[in-house]
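Written out below as structure tokens is the structure these notes cover.
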Amino acid sequence: MRSEASVKATDYATDGRTRRGVLARYAELLPLTASTPHLSLGEGDTPLLAAPRLAEWIGVNDLHLKYEGANPTGSFKDRGMVVAVAKAIEAGSTTIICASTGNTSASAAAYAARAGIRAVVLLPAGNVARGKLAQAVVAGATVIMLDCNFDGALDVARKLARDYRVALVNSVNPHRIAGQKTGAFEICDELGDAPDVVALPVGNGGNVTAYASGFATYRTLNRASHTPIFIGAQAAGAAPLVLGAPVLNPETVATAIRIGNPASWDSAVSAVTDSGGCFVAIPDDAILEAYHKVVEMEGVFCEPASAAGIAALRTQVRSGAIGPSLSAVCILTGNGLKDPDRATPESFNPGSIAADASTIAASLGFVGR
Ligand SMILES: *Cc1c(COP(=O)(O)O)cnc(C)c1O
């Protein structure tokens with residue numbers, strides 16, 4: 001154990017015996033200095049799960065799911081947020097601000113709470129999943145609902161960060177992208193190489209930018225023999241990167257990717273096209289079909305946006321664009337518990353019957369011993 005005196009005021013690290021988080025694990029590959037605080041909520045090191053039944057449904061031989069819902073606040077946003085908040089503190093900020101479809105705000109609120117600084121989150125009124133809103137509120141963030149969509153909220157957040165002494169922690173902050181590269185590092189570290197294909201949902205395009213950059217870093221370091229083809233999934237009602245033009249009124253059940261004018265447009269397009277991949281528009285019914293399949297077949301409950309990547313991979317395999325023998329990883333970006341309203345109505349009200357064992361056994365068709 002360290003002595004009291006060796007613990008710096010800026011040192012938010014745990015006692016060294018518990019989960020390390022991405023700052024400690026990938027320190028040499030992140031933009032850290034001696035004065036970057038050792039912030040961590042134990043993010044990263046998420047499960048990479050073989051998914052044989054879902055692989056069959058999709059039509060590939062080798063499929064893994066990177067379950068980012070296992071991060072501390074339930075989405076991949078924690079990987080980038082821990083770096084962005086640590087760097088904001090290092091630069092002397094005491095307030096962070098973000099616009100969010102929900103998960104960024106949940107993550108910003110948690111890391112600000114841990115660091116003892118203020119978080120202000122701007123949300124599009126009426127379009128934030130219940131779990132995400134609850135997370136931001138209970139962690140003590142100042143939550144402001146705006147009468148506009150995400151794109152409008154990001155405009156306001158950018159203006160506030162430009163004109164006032166607050167740090168913007170949206171994915172336009174390069175430290176967010178740097179931290180999110182660790183998802184690619186973990187996949188290579190675990191599989192021993194990069195997969196052939198990575199499918200993931202794309203909203204603002206920060207995550208696909210980060211994954212492309214992360215795999216490229218590992219390729220340069222010779223820790224991967226190649227970089228993967230990216231399939232970027234967008235919801236059909238919010239598919240600016242498929243259409244090649246901003247969408248004024250984006251609509252989809254997948255609220256995490258309900259974005260009409262991606263902040264990282266150019267880098268997302270180069271990440272996907274340079275890889276030999278493409279963007280795919282997925283209708284809401286196909287997103288929800290994949291959302292149910294992944295939990296029914298593999299026991300992994302993700303939020304609707306996350307399932308868009310699965311549906312997009314399936315579309316590409318069906319069309320022959322992706323061969324069945326390629327190895328694929330789907331990034332399941334967020335936890336299904338975030339957005340329980342998208343589950344079936346029965347999951348909330350299964351009804352009830354009398355507590356009688358023999359009636360229940362008969363209704364279930366159980367055979368007596
Ligand atoms: C933020 C988010 C996305 C979209 O990521 P971008 O970096 O904006 O492209 C997808 N899924 C979930 C669950 C998210 O929280």
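As the structure lists them, so they are numbered: ligands from 1, and atoms in each ligand from 1. In what follows, every heavy atom counts, from backbone to side chain, and hydrogens, waters and symmetry copies are set aside.
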To which protein heavy atom is [atom] closest, and what is the distance rounded to 0.1 Å?
atom	answer
atom 4 (C) of ligand 1	G203 N, 3.7 Å
atom 5 (O) of ligand 1	F76 CZ, 3.5 Å
atom 2 (C) of ligand 1	K77 NZ, 2.5 Å
atom 7 (O) of ligand 1	N207 N, 2.8 Å

Heavy-atom proximity to atom 11 (N) of ligand 1, best of I331, D339, T333:
T333
In plain terms, say whether R79 and E68 are close enough for a salt bridge, that is, a side-chain N and a carboxylate O under 4.0 Å apart.
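The answer is yes: the pair qualifies as a salt bridge.
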Under 4.0 Å between a side-chain nitrogen and a carboxylate oxygen: does that hold for E90 and K87?
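Counted as a salt bridge, because a side-chain N and a carboxylate O are separated by less than 4.0 Å.
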Got an N/O contact under 3.5 Å between S75 and ligand 1?
no
Under 3.5 Å between some N or O of ligand 1 and some N or O of G206?
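Among all N and O atoms of G206, at least one is under 3.5 Å from an N or O of ligand 1.
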Anything under 30° is parallel, anything over 60° is perpendicular, the rest tilted; go ahead and classify F215 against F230.
tilted
Under 4.5 Å between side-chain heavy atoms, counting indirect links through other Ile/Leu/Val/Met/Phe/Trp/Tyr residues: same cluster for L49 and Y291 or not?
no
If I compare all heavy atoms of T315 with all of I282, which pair ends up nearest, and what's the gap?
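Shortest heavy-atom contact: OG1-CD1, 4.0 Å.
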Between G334 and S306, which heavy-atom pair has the shortest distance, and what is it?
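Residues G334 and S306, closest heavy atoms: N-OG, 2.9 Å.
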May I ask whether S171 places a heavy atom under 4.0 Å from ligand 1?
no
Is it the side chain, the backbone, both or neither of [X] that has a heavy atom closer than 4.0 Å to ligand 1?
X	value
K338	neither
N204	both
I257	side chain

Taking only residues two or more places apart in sequence or in another chain, which ones pass side chain to side chain contact (heavy atoms under 4.5 Å, CB included) with D341?
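D341 satisfies side chain to side chain contact (heavy atoms under 4.5 Å, CB included) with R130, D339, F348 once adjacent residues are dropped.
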